[in-house]
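Nothing here was measured: the structure is a model prediction, and the numbers come from that model.
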Amino acid sequence: MSNKLKIGLFQADLHWQAALKNLEKVETLERDIKKLDLLILPEMFTTGFTMSVQNVAENWPGESVKRLQALSDTCDTAIVCSIVIRENLKYYNRLVFIKPNTKIEYYDKRHLFTMGEEHKYYSAGQNRLVVEYKSWRFMPLVCYDLRFPVWSRNDVNYDALIYVANWPDSRKDVWKTLLKARALENQSYVFGVNRVGKDGMGLRYSGNSLAFSPKGEMLADAEEYKENLLVVEVEKDSLMSFREKFPVLNDKDDFEISTH
């Protein structure tokens, strides 16, 4: 059992629809990645938040996933991000949780951003995912999922929430507020990794990648508008002790989630 984990939050300035350049960017961090247990990259890491699905989608699992798997194996570090995937004649904003030398687990983004017409190009996922890694339980989600607390609800006994995002700077206060709220209401660590820079649609991103404790304490805060690999160490014993002393999750409401 791993009581402590080192988590890396890579707040990257993504090259627009240029998978090779973005993969090369993260591969240059190999020395730093080897010091981590888990590396989290932004949403649509290889392309930016694009609706040009026919131009950028990769057949599952795709060359980008294979290359990230090789990096994970070399560094002995898990890697999380989302990538545009084509499967069974549909397109998905697919989050991949890549563990070293292990089968890849994935989650398809459930809440598609209708204001950006994401729903016209991508198919929504139907199931949540909880990944066990080094005796920790992670539930990874994607960007707009953050606004929907029922989908994020800790009714599946996870230890940490992960949100990968392309969240524009015009709504950065919402991003920061909701990340803290998800930590407090779920008594969970929360890691939010957002991109920086300007995308091909003209949207600007401030980053504001953050890590919160189960008590809602800010553990790490990336400098705005700057590419940065932020590293935070988390401890499971303190999480379990807090839940035992203040067991609010014992009083949670029971419900079933409908995906129709």
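A salt bridge does not link Glu24 with Lys21: none of the charged nitrogens is closer than 4.0 Å to a carboxylate oxygen. In this structure, Asp159 pairs ionically with Lys236, as a charged nitrogen and a carboxylate oxygen lie closer than 4.0 Å. In summary, Lys90 and Glu87 do not engage in a salt bridge, as defined by a charged side-chain N under 4.0 Å from a carboxylate O. Under a 4.0 Å N-O distance rule, the pair Lys172/Asp169 does not qualify as a salt bridge.
The list of ring-ring contact (aromatic ring centres under 6.0 Å, His included) pairs with a residue in residues 195-239, not counting sequence neighbours, is empty. Counting only residues at least two apart or on different chains, the ring-ring contact (aromatic ring centres under 6.0 Å, His included) pairs with a member in residues 177-200 are Trp136-Tyr189. Applying the ring-ring contact (aromatic ring centres under 6.0 Å, His included) test to every pair with at least one member in residues 10-60, sequence neighbours left out, gives these pairs: Trp60-Tyr106. Applying the ring-ring contact (aromatic ring centres under 6.0 Å, His included) test to every pair with at least one member in residues 154-187, sequence neighbours left out, gives these pairs: Trp167-Trp175. Within the structure, every pair that satisfies the salt bridge (charged side-chain N to carboxylate O under 4.0 Å, His left out) test and touches residues 33-55, not counting sequence neighbours, is listed here: Glu30-Lys34, Asp37-Lys134, Glu43-Lys109.
Checked against the 6.0 Å centroid criterion, the rings of Tyr91 and Tyr122 do not qualify as a close aromatic pair.
Rounding to the nearest 0.5 Å gives a distance of 5.0 Å between CG of Asn208 and NZ of Lys176.
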Practice prompt. Take Arg243 and Leu249 through the test side-chain contact (heavy atoms from CB on, under 4.5 Å) and record every step on the way to the result.
Written response: CA-CA 8 Å; Arg243 287 181 177 176; Leu249 293 176; 4.2 Å; yes

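Under the side chain to side chain contact (heavy atoms under 4.5 Å, CB included) criterion, Phe246 pairs with Gln187, Phe242, Val248, not counting sequence neighbours.
Ring orientation note: the planes of Phe138 and Tyr133 are tilted relative to one another, at an angle of 30° to 60°.
Each of Thr46, Thr50, Thr47, Asn22 was scored for a side chain to side chain donor-acceptor pair (under 3.5 Å) with Gln17, with one residue passing: Thr50.
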